S.K.: 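Below is the structure I would like to discuss, written out as structure tokens.
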Amino acid sequence: MNLRQLLLHLPRYLGALGSPRRLWWSPCLDTISSVGSWRGQSSKSPAHWNQVVSEAEKIVGYPTSFMSLRCLLSDELSNIAMQVRKLVGTQHPLLTTARGLVHDSRNSLQLRGLVVLLISKAAGPSSVNTSCQNYDMVSGIYSCQRSLAEITELIHTALLVHRGIVNLNELQSSDGPLKDMQFGNKIAILSGDFLLANACNGLALLQNTKVVELLASALMDLVQGVYHENSTSKESYITDDIGISTWKEQTFLSHGALLAKSCQAAMELAKHDAEVQDMAFQYGKHMAMSHKINSDVQPFIKEKTSDSMTFNLNSAPVVLHQEFLGRDLWIKQIGEAQEKGRLDYAKLRERIKAGKGVTSAIDLCRYHGNKALEALESFPPSEARSALENIVFAVTRFS
């Protein structure tokens with residue numbers, strides 16, 4: 001399937017089966033006893049996420065929150081934004097995505113573009129291949145690398161929008177009127193397609209076949225990962241054996257591939273050799289995995305968590321909890337947490353917190369953080385490298 005065909009079928013792949021909330025794994029034990037000691041956080045590194053992002057943005061030259069502004073303020077998306085207002089009062093996921101584009105201080109929707117810019121600056125120009133020394137460079141970053149960072153964010157934002165397509169067969173009365181939810185789905189498809197079209201146009205303008213291949217393969221990885229998330233019935237929560245190894249493979253596809261291959265593509269644009277490209281790929285991969293696990297752990301460690309707050313049954317702490325517990329005991333816990341045919345998430349969360357799943361997920365997060373820091377050791381010391389290290393420290397901090 002070529003890139004054009006992939007984009008044409010993307011909304012169907014991502015949305016036809018509803019929001020990702022199912023499991024797909026087969027049994028495969030992958031112990032994490034090799035996590036080793038956590039390197040910890042340097043005494044000079046920022047303590048809070050907002051501070052980390054703010055300092056990193058100063059290093060790359062401008063706030064990445066405005067990276068996609070030219071696209072997001074276009075007439076087409078301005079019209080779509082007006083239509084999205086009609087969804088206010090419903091529970092359509094597109095509203096949550098729209099709010100996140102304006103304010104998302106904890107998870108930073110612009111994180112991927114920021115990392116691409118930082119790793120571009122950390123690597124600098126190639127010392128072997130000088131063919132791109134005539135390219136425009138601002139704040140130590142080539143203009144083509146800045147364009148790549150924007151493209152990465154456009155693809156990520158488009159996929160967030162497409163993933164918000166609702167399965168109309170699973171609607172509840174509290175979600176809102178059927179016609180409004182149908183309308184929201186149409187807007188999600190159109191706006192996501194528009195963002196992807198702009199991303200493809202930007203890729204073509206880079207005039208680099210390898211970069212196009214890398215981003216196209218990342219997009220296909222994302223589609224494959226999300227398709228697996230959506231393609232298994234709810235019964236698999238209970239009946240399937242879960243393995244953390246398979247979870248990591250699928251999570252890389254759906255959450256890590258885009259950042260990893262974008263970091264590699266940034267090195268390709270600067271004509272760095274294969275070794276440097278691989279280290280950039282490894283940093284992007286392990287940082288993205290660490291970031292995802294951090295997000296998965298939050299519902300289990302927040303001091304103030306609503307009793308009605310749900311969490312993903314395919315999140316890292318739950319998968320590890322099942323693996324430690326064994327299938328039979330897990331099925332028993334699921335049964336005990338059922339109340340009037342519905343899962344009591346508050347009760348199940350307490351059971352999971354009492355087991356080893358949460359602490360093991362934190363260990364796994366720090367393992368990937370260590371691997372990301374190891375990859376950075378091949379880059380020369382600089383402000384940009386320190387900022388990349390601080391991002392790792394921030395996503396592996398749980399206190």
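As the structure is a computational prediction, the values presented were derived from the model and not from experiment.
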S.K.: Indicate yes or no for a side-chain donor-acceptor contact from Glu153 to the backbone of Gly113 under 3.5 Å, with no hydrogens or angles considered.
M.R.: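 Answer holds: yes.
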S.K.: Decide yes or no on salt bridge (charged side-chain N to carboxylate O under 4.0 Å, His left out) for Glu389 and Arg385, but give the supporting numbers first.
M.R.: CA-CA 6 Å; Glu389 291 170 346; Arg385 190 181 109 167; 3.3 Å; yes
S.K.: Which residues pass the side-chain contact (heavy atoms from CB on, under 4.5 Å) test with Asn208, not counting sequence neighbours?
M.R.: Lys210, Val211, Glu268, Leu269, Lys271
S.K.: Given Val358, which partner from the list Val318, Asp363, Leu320, Ile301 fulfils the side-chain contact (heavy atoms from CB on, under 4.5 Å) test?
M.R.: Ile301
S.K.: Apply side-chain hydrogen bond (donor to acceptor under 3.5 Å, both in side chains) to Lys285 and list each qualifying residue two or more places apart in sequence or on a separate chain.
M.R.: none
S.K.: Distance-only, no hydrogens or angles: does the His272 side chain make a donor-acceptor pair with backbone N or O of Gly124 under 3.5 Å?
M.R.: yes
S.K.: According to side-chain contact (heavy atoms from CB on, under 4.5 Å), who are the partners of Glu336, at least two apart in sequence or on a separate chain?
M.R.: Lys332, Arg351
S.K.: Could you tell me whether the side chain of Leu259 reaches within less than 4.5 Å of the side chain of Tyr283, counting heavy atoms only?
M.R.: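 The answer is no; the side chains never approach within 4.5 Å.
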S.K.: Hey, quick one: are Tyr367 and Phe324 part of the same hydrophobic cluster, counting side-chain heavy atoms closer than 4.5 Å, chains of contacts allowed?
M.R.: yes
S.K.: Say whether, by atom type as modelled, one donor and one acceptor occur between the side chain of Thr396 and the main chain of Phe393 under 3.5 angstrom.
M.R.: yes
S.K.: Heavy-atom count around Glu383 CD within 6.0 Å, excluding the residue itself: above 12?
M.R.: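 Incorrect, the count does not exceed 12.
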S.K.: Mark yes or no for whether Asn390, through its side chain, and Val52, through its backbone, hold a donor-acceptor pair below 3.5 Å.
M.R.: no
S.K.: Quick one: does His368's side chain get under 4.5 Å of Lys248's, heavy atoms only?
M.R.: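 Side chain of His368 against side chain of Lys248, heavy atoms only: contact under 4.5 Å found.
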S.K.: Using every non-hydrogen atom in the two residues, find where Ala266 and Gln145 come nearest and quote the distance to one decimal.
M.R.: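 The pair with the smallest heavy-atom distance is O-NE2, 2.9 Å.
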S.K.: Atom CG of Leu222 and atom OG of Ser217: how far apart are they, to the nearest 0.5 Å?
M.R.: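 Those atoms lie 9.5 Å apart.
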S.K.: Verify the cluster assignment for Ile244 and Leu329: are they in a single hydrophobic cluster under the rule of side-chain heavy atoms below 4.5 Å apart?
M.R.: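 The answer is yes; both residues are in one hydrophobic cluster.
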S.K.: Taking side chain as C-beta onward, heavy atoms only, is Leu154 less than 4.5 Å from Phe194?
M.R.: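 No - every pair of side-chain heavy atoms lies 4.5 Å or more apart.
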S.K.: Can you name the closest pair of heavy atoms from Ile155 and Ala199 and give their distance?
M.R.: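 Where Ile155 meets Ala199 most closely, the heavy atoms are CG1-CB, 3.7 Å.
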S.K.: Is it the case that the side chain of Glu57 and the backbone of Ser54 share a donor-acceptor pair, with hydrogens and angles ignored and the cut-off at 3.5 Å?
M.R.: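 Checked: no pair found.
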S.K.: Any side-chain to backbone donor/acceptor pair from Glu55 onto Ala387? Under 3.5 Å, distance only.
M.R.: no
S.K.: If we only count heavy atoms from C-beta on, is the Arg327 to Ile331 side-chain gap below 4.5 Å?
M.R.: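 Of all side-chain heavy-atom pairs linking Ile331 with Arg327, at least one is under 4.5 Å.
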S.K.: Within a strict 4.5 Å, meaning less than it, do heavy atoms of the Phe281 and Cys263 side chains meet?
M.R.: no
S.K.: Heavy-atom count check: over 12 atoms from other residues, nucleotides or ligands less than 6.0 Å from Lys353 NZ?
M.R.: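 Yes, because the 6.0 Å sphere around NZ of Lys353 holds more than 12 heavy atoms from other groups.
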S.K.: Taking all atoms of both residues into account, what is the closest heavy-atom pair of Met267 and Ala280, and its distance?
M.R.: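 Here Met267 and Ala280 meet closest at CG-CB, 3.4 Å.
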S.K.: Would the distance check show the side chain of Ser295 and the main-chain N or O of His291 forming a donor-acceptor pair, the cut-off being under 3.5 Å?
M.R.: no
S.K.: Just wondering, do Ser262 and Arg112 contact through their side chains at under 4.5 Å, heavy atoms?
M.R.: no
S.K.: Within the side chain of Lys121, is there an N or O that forms a donor-acceptor pair under 3.5 Å with the backbone of Ile59?
M.R.: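 It does hold such a pair.
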S.K.: Going through the checks in order, is the side-chain hydrogen bond (donor to acceptor under 3.5 Å, both in side chains) test met by Asn370 and Glu374?
M.R.: CA-CA 6 Å; Asn370 273 337; Glu374 286 176 14; over 6 Å; no
S.K.: Within the distance-only criterion (no hydrogens, no angle test), does the side chain of Ser382 pair as donor or acceptor with the backbone N or O of Ala122 below 3.5 angstrom?
M.R.: no
S.K.: Any heavy-atom pair between the side chains of Pro317 and Phe311 that's under 4.5 Å?
M.R.: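 Answer no - side chains too far apart.
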S.K.: I need the Leu373 CG to Leu388 CG distance, nearest 0.5 Å.
M.R.: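 Answer for the CG-CG pair, Leu373 versus Leu388, is 10.0 Å.
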S.K.: Ignoring hydrogens and geometry, is there a side-chain-to-backbone donor-acceptor pair from Asp344 to Ala346 under 3.5 Å?
M.R.: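 Flag set: sc Asp344 to bb Ala346 pair under 3.5 Å.
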